[in-house]
Amino acid sequence: MGTINSAMSLISAALEADQAALNITSNNVANASNQSYTREVPNWQENQPIYLNGIAYSTGVTVTGGVSQRDRVLEQRLQQQQQLSSASSSLRSALTTLQGNFAPANGTSASGDIGTGITNFFNAYSQLESNPTSNPLRQQILSSATTLAADISGKAGSLDAQKSALDQSVNTIVMQVNALSVSLAEVNKQIQSLSPGQDAGTLEDQRQSDMSQLSQLIGVNQIMTESSGLSITTSGGQLLVSEGSAFQITTANVSGLTQLLLNGTDITTQLDSGGGQIGGLLTARDQSIPNTLASLDQLAYGMSTSVNAANNAGTDLDGDNGNAGNIFNAPMQVAGTALAMSVVMTDPNKIAAAGLGQGAGDNSNALTAASLATQAIINGQTPSDYFSNMVSTLGALVSQTTTENMALAASVTQLQTQRNALSSVNLDEEASNLEEFQRSYQAASQVFTIMNSIMASALNLGVETAVA
């Protein structure tokens, strides 16, 4: 009888284990469309054997629960690549917008409207050479100067507006980072409250999802602590989450731009090259746009000072020698010249086409002004060459960033494929597991039926007994 009881107990345990395995597999199938879910497999644990006369007799197995199929090293590699990819993507987007500011309005000029404006301005001077007293030709110089100044000033304004928009995006991302930090700290506490060895399951999935989102926003490092806790620092080493505690990033407005502080330390520069969307945005805001704006300022400064100097070196129609006045407003410094560039001359008679002391019909100073188009007056380059090189440099940067972004995106996809092969639900595989566990359950059930019949017969002193 004792042997029969042992067999009954063994089969009952098998039924319970198979049922537990079926439940785990069914849960995997139910969550197949949940991108944050990590598939689980039954954790089969051998029961303690029974020893009789020195011989060990198995007492079966128990399913202690599901074990999430995750590779923490692979997850960290994926999150690191996501940080780099997100930074590259946000930088590429900002640079593409920046480049778009200099795209030609009609799509025919390689240098855009400013390049066309430079050419038209000096061409107007060349036309004045043939008839230096012509009022329409003089008016054309002022008109082309106004168009050029408006183009340069408008582009500078667009760059400032883009920088402000990026700054606002940085503020938005900071709020998202702070919310995710709080969520991660709370999940950490829940995971650490579980009994040792207990699979966190859905809590781990939530933490992994939060980390994935955080990695796309900001460059971070993660450190596993005792009891499956997690500490997170920024790429520069500032503590963001310490197990169950979260530290908030605060902002301060410095010279019109948002600076980021964490635990009393300015981390703006650290995050600039640290990864995540915020890294790409800060790079564009603090480097790419200011560098382009500085080049535009240099162009405006060189044009304004050179043209003004040329006009004040001749004689205008009113007979003013060497004091005809400025065509463009006179810049005091290079910085800010592009945004402030404008035409201050309103009287076409003040255009000094004649040389000093020469009569109204002389065109020598108009020739001098026109020749500025071919002189190296902007950092050792002609105005057209300087602007063309500026646009070409920006285009090369966009192309380089796009190439890097494509490579990083491919790397992320490859790592996601590896992760999915391990952690995502494969319905074909789960269907196979369901069939396997169902067959096992059915087999154990049939054995249980047989053992139950034997038990009934034994209780009735060997008389075969039907069992309902």
Side-chain angles (χ1 to χ4, degrees), residues 1-52 55-75 78 187 190-191 194-209 228 416-458 466-468:
M1 184 68 72
T3 302
I4 295 176
N5 284 334
S6 297
M8 293 287 287
S9 177
L10 187 66
I11 298 304
S12 296
L15 287 169
E16 292 176 359
D18 287 332
Q19 184 60 60
L22 284 168
N23 292 341
I24 291 170
T25 305
S26 297
N27 188 55
N28 285 342
V29 173
N31 285 279
S33 61
N34 184 350
Q35 297 298 317
S36 299
Y37 179 76
T38 301
R39 76 181 184 95
E40 297 181 339
V41 297
N43 183 34
W44 302 91
Q45 182 174 313
E46 183 181 4
N47 296 330
Q48 280 293 111
I50 295 176
Y51 291 88
L52 297 174
I55 300 175
Y57 294 91
S58 174
T59 58
V61 296
T62 301
V63 172
T64 60
V67 178
S68 298
Q69 299 301 288
R70 68 180 84 247
D71 184 335
R72 296 191 186 280
V73 174
L74 180 59
E75 288 293 340
L78 175 57
V187 174
Q190 294 180 48
I191 291 175
L194 299 176
S195 58
Q198 183 178 353
D199 187 70
T202 55
L203 290 175
E204 285 277 12
D205 290 343
Q206 182 182 341
R207 183 165 70 177
Q208 184 174 301
S209 176
S228 298
Q416 286 175 331
T417 300
Q418 294 178 30
R419 191 270 311 274
N420 291 342
L422 172 67
S423 302
S424 293
V425 176
N426 183 317
L427 290 176
D428 291 338
E429 182 178 351
E430 298 304 328
S432 176
N433 289 339
L434 278 173
E435 184 175 356
E436 177 185 351
F437 298 142
Q438 284 172 348
R439 287 174 180 263
S440 178
Y441 185 91
Q442 290 169 356
S445 178
Q446 289 177 1
V447 172
F448 184 88
T449 300
I450 293 171
M451 294 306 300
N452 195 26
S453 178
I454 293 174
M455 173 73 78
S457 296
V467 179

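These figures come from a predicted structure and were not determined experimentally.
- Taken to the nearest 0.5 Å, the OG1 atom of Thr38 stands 10.0 Å off from the CG atom of Asn420.
- Atom CZ of Arg39 is separated from atom CD of Glu429 by 4.5 Å, given to the nearest 0.5 angstrom.
- Shown here are the side-chain hydrogen bond (donor to acceptor under 3.5 Å, both in side chains) partners of Tyr37, two or more places apart in sequence or in another chain: Asn27, Asn28.
- Shown here are the side chain to side chain contact (heavy atoms under 4.5 Å, CB included) partners of Asp71, two or more places apart in sequence or in another chain: Val73, Leu74, Leu422.
- Take Ser423 and apply the side-chain hydrogen bond (donor to acceptor under 3.5 Å, both in side chains) test, not counting sequence neighbours, and it matches no residue.
- Residues Glu204 and Arg72 meet the side-chain proximity criterion, which asks for heavy atoms closer than 4.5 Å.
- In this view, Asn426 satisfies the side-chain hydrogen bond (donor to acceptor under 3.5 Å, both in side chains) rule with no residue, not counting sequence neighbours.
- Proximity of a side-chain donor or acceptor of Thr25 to a complementary backbone N or O of Ala21 within less than 3.5 Å is detected.
- Across all their heavy atoms, Leu434 and Val29 have their closest contact at CD1-CG2, 4.4 Å.
- Applying the salt bridge (Lys or Arg N to Asp or Glu O under 4.0 Å) rule to Glu430 yields no partners; only residues at least two apart in sequence or on another chain are considered.
- Checked against salt bridge (Lys or Arg N to Asp or Glu O under 4.0 Å), Glu435 has the following partners two or more places apart in sequence or in another chain: Arg439.
- Rounded to the nearest 0.5 Å, atoms CZ (Arg419) and CD (Gln69) are 14.0 Å apart.
- Ser36 meets the side chain to side chain contact (heavy atoms under 4.5 Å, CB included) test with Asn34, Ser209; sequence neighbours excluded.
- Remark: Ala32 engages Val425, Leu427 in a side chain to side chain contact (heavy atoms under 4.5 Å, CB included) (not counting sequence neighbours).
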- Query: Ile24 and Val63: side-chain contact (heavy atoms from CB on, under 4.5 Å), yes or no, with the steps?
  - Reply: CA-CA 10 Å; Ile24 291 170; Val63 172; 4.0 Å; yes

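- Atoms CD and CG, from Glu40 and Asp205 in turn, are 7.5 Å apart once rounded to the nearest 0.5 Å.
- Partners of Gln438 by side chain to side chain contact (heavy atoms under 4.5 Å, CB included), not counting sequence neighbours, listed by chain and number: Leu22.
- For Ser432, there are no side-chain hydrogen bond (donor to acceptor under 3.5 Å, both in side chains) partners two or more places apart in sequence or in a different chain.
- Identified under the salt bridge (charged side-chain N to carboxylate O under 4.0 Å, His left out) test for residues 10-28, with sequence neighbours left out: none.
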